[in-house]
Amino acid sequence: QVQLIESGGGLVQAGGSLRLSCAASGRTFSSYAMGWFRQAPGKEREFVARISWSGAVTNYADSVKGRFTISRDNGKNTVYLQMNSLKPSDTAVYYCAARLGSGYQGSDPRDFGPWGQGTQVTVSS
């Protein structure tokens with residue numbers, strides 16, 4: 001199974017951009033669908049975006065649609081989350097997660113694993 005390490009978080013002003021990366025170990029990365037989730041203080045972990053193993057299919061939470069873009073480079077074992085037009089409400093710890101196999105269309109965090117350790121994103125107003 002893969003191990004995941006996120007990077008790219010930080011402090012940014014509202015309206016700014018960040019790109020998160022999630023690097024995976026192991027030679028089976030392309031067998032996994034990948035997801036980004038986030039968790040704000042006092043709130044449950046929520047779905048942000050998902051990408052299929054090939055990168056052909058992507059899905060987004062309504063709250064980020066049109067602002068965030070998920071992508072992957074299977075040659076580099078990395079999945080990305082480009083975040084534009086950031087809002088203070090986007091402040092959270094962002095996690096990437098893997099799900100083995102194809103065809104999954106859900107967004108329940110309980111259906112994903114393994115997980116990375118998370119990276120903090122803070123958007124100031």
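This one's a predicted model, so the numbers in the text were calculated from it and none came from an experiment.
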### Query
Can you check side-chain contact (heavy atoms from CB on, under 4.5 Å) on Gln13 and Leu86, steps first, answer last?
CA-CA 8 Å; Gln13 289 189 330; Leu86 283 161; over 6 Å; no

### Query
Taking it one step at a time, do Asp73 and Thr78 satisfy side-chain hydrogen bond (donor to acceptor under 3.5 Å, both in side chains)?
CA-CA 5 Å; Asp73 185 336; Thr78 303; over 6 Å; no

### Task
Could you walk me through whether Tyr32 and Arg99 pass side-chain contact (heavy atoms from CB on, under 4.5 Å), step by step?
CA-CA 5 Å; Tyr32 290 82; Arg99 177 181 167 85; 5.7 Å; no

### Query
How far apart are the C-alpha atoms of Phe112 and Tyr104, what are their side-chain angles, what is the distance that settles it, and do they pass the ring pair (Phe, Tyr, Trp, His ring centres under 6.0 Å) test?
CA-CA 10 Å; Phe112 284 78; Tyr104 177 74; 5.6 Å; yes

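Across every non-hydrogen atom of Phe47 and Asn59, the tightest pair is CZ-O, 3.7 Å. Smallest separation of non-hydrogen atoms from Gln1 and Pro114: NE2-CB, 4.1 Å. The two atoms that bring Leu18 and Gly8 nearest to each other are CD2-O, 3.9 Å, heavy atoms only. Across all non-hydrogen atoms, the minimal contact from Ala24 to Phe29 is CB-CD1, 3.4 Å.
Residues Leu100 and Val2 fall within the same hydrophobic cluster, defined by Ile, Leu, Val, Met, Phe, Trp and Tyr side chains chained together at heavy-atom separations under 4.5 Å.
Counting only distance, with no hydrogens or angles, the side chain of Thr91 and the backbone of Val123 share a donor-acceptor pair below 3.5 Å. Thr122 places no side-chain N or O within 3.5 Å of a backbone atom of Leu11 that could act as its donor or acceptor partner. Remark: the backbone N or O of Gln105 is paired with a side-chain donor or acceptor of Arg50 at under 3.5 angstrom. For Glu6 (side chain) and Gln117 (main-chain N/O), a donor-acceptor pair under 3.5 Å exists by modelled atom type. Checked by atom type and distance alone, the side chain of Tyr60 pairs as donor or acceptor with a backbone atom of Ile70 at under 3.5 Å. Formation of a donor-acceptor pair under 3.5 Å by the Arg72 side chain with backbone atoms of Ser52 is found in this model. Without hydrogens or angle criteria, Ser125 side chain to Pro88 main chain gives no donor-acceptor distance under 3.5 Å. Put simply, the side chain of Asn77 gets close to the backbone of Gly26: a donor and an acceptor are under 3.5 Å apart. Remark: the backbone N or O of Trp53 is paired with a side-chain donor or acceptor of Asn74 at under 3.5 angstrom.
With a 4.5 Å cut-off on side-chain heavy atoms, Ser17 and Gln82 count as touching. For the pair Tyr80/Ile51, no side-chain contact is recorded, criterion being any heavy-atom separation below 4.5 Å from C-beta on. Counting heavy atoms from C-beta on, the side chains of Val79 and Trp36 come closer than 4.5 Å.
In Lys65, the NZ atom is crowded: over 12 heavy atoms of neighbouring residues, nucleotides or ligands sit closer than 6.0 Å. Taking a 6.0 Å sphere around CD of Gln3, one finds it holds 12 or fewer heavy atoms contributed by other residues, nucleotides or ligands.
The aromatic rings of Phe37 and Trp115 sit tilted relative to each other, their planes meeting at an angle between 30° and 60°.
If you take OG on Ser85 and CZ on Arg67, they are separated by 7.0 Å, rounding to the nearest 0.5 Å.
By the 4.0 Å N-to-carboxylate-O rule, Asp90 lies too far from Lys87 to be salt-bridged with it.
Each disulfide bond (SG atoms under 2.5 Å apart) pair with one or both residues in residues 67-125, not counting sequence neighbours, appears once here: Cys22-Cys96.
Here the options are Val12, Leu20, Val48, Val64, the test is side-chain contact (heavy atoms from CB on, under 4.5 Å), and the partner is Met83; only Leu20 passes.
A search for side-chain contact (heavy atoms from CB on, under 4.5 Å) contacts involving Ala92 returns Arg38, Ala40, Tyr94, not counting sequence neighbours.
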